Amino acid sequence: MVQAYILIQTEVGKAASVAREISGIPGVTQAEDVTGPYDVIVRAEARNVDELGKLVVAQIQAVEGITRTLTCPIVHI
């Protein structure tokens, strides 16, 4: 299982609606609107890196109002 945090920038005023819509996507375990340089932080999981990439590109980035994403895979050292 691969887990990651996805940091999202949105259009002005869209953070809450983006977080709400993303929270319903399978593979997303948490989506919160936040303050700071990013507007939404998502925690997601997938079977492997390829599936994680598909989740981000095909489903999360397709949500209206998103302008940029940064995916940060979780590592266990």
Side-chain angles (χ1 to χ4, degrees):
M1 185 70 62
V2 175
Q3 297 177 324
Y5 287 101
I6 302 147
L7 311 177
I8 299 173
Q9 293 178 334
T10 69
E11 296 172 2
V12 173
K14 298 282 188 172
S17 63
V18 166
R20 193 169 35 255
E21 186 171 345
I22 288 174
S23 67
I25 296 173
V28 170
T29 59
Q30 192 171 13
E32 302 283 348
D33 43 322
V34 298
T35 60
Y38 293 94
D39 303 305
V40 177
I41 297 179
V42 173
R43 185 165 177 153
E45 60 185 19
R47 287 183 291 159
N48 55 50
V49 173
D50 290 336
E51 292 295 319
L52 179 64
K54 290 176 188 175
L55 171 66
V56 172
V57 173
Q59 296 183 53
I60 292 175
Q61 288 182 351
V63 172
E64 187 174 335
I66 292 177
T67 58
R68 180 173 292 183
T69 64
L70 175 65
T71 303
C72 305
I74 296 171
V75 296
H76 300 282
I77 300 174

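Just so you know, these numbers come straight off a predicted model, no measurement behind them.
- Residues passing the side-chain contact (heavy atoms from CB on, under 4.5 Å) test with A15 are T10, D33, D39, V40, sequence neighbours excluded.
- The two residues Q59 and P26 make their nearest non-hydrogen contact at OE1-CD, 4.2 Å.
- No continuous path of ILVMFWY side-chain contacts below 4.5 Å connects V28 to V34, so the two sit in separate hydrophobic clusters.
- Contact between A4 and L52 at its shortest, heavy atoms only, is CB-CD2, 3.7 Å.
- With rounding to the nearest 0.5 Å, the separation of CD in E64 from CD in E11 is 7.0 Å.
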Please tabulate, for side-chain N and O atoms in residues 65-77, each donor-acceptor pair with protein atoms closer than 3.5 Å (sequence neighbours left out).
{"unit_1": "T67", "atom_1": "OG1", "unit_2": "Q9", "atom_2": "O", "d": "3.1"}
{"unit_1": "T69", "atom_1": "OG1", "unit_2": "Q61", "atom_2": "NE2", "d": "2.8"}

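- Heavy atoms only, all atoms of each residue included: Y5 and I41 are closest at CD2-CG2, 4.1 Å.
- Linking Ile, Leu, Val, Met, Phe, Trp and Tyr whenever their side-chain heavy atoms come within less than 4.5 Å puts V2 and I6 in one cluster.
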Identify all side-chain donor-acceptor contacts of residues 17-25 below 3.5 Å with residues at least two apart in sequence or on another chain.
{"unit_1": "S17", "atom_1": "OG", "unit_2": "K14", "atom_2": "O", "d": "3.1"}
{"unit_1": "S23", "atom_1": "OG", "unit_2": "R20", "atom_2": "O", "d": "2.7"}

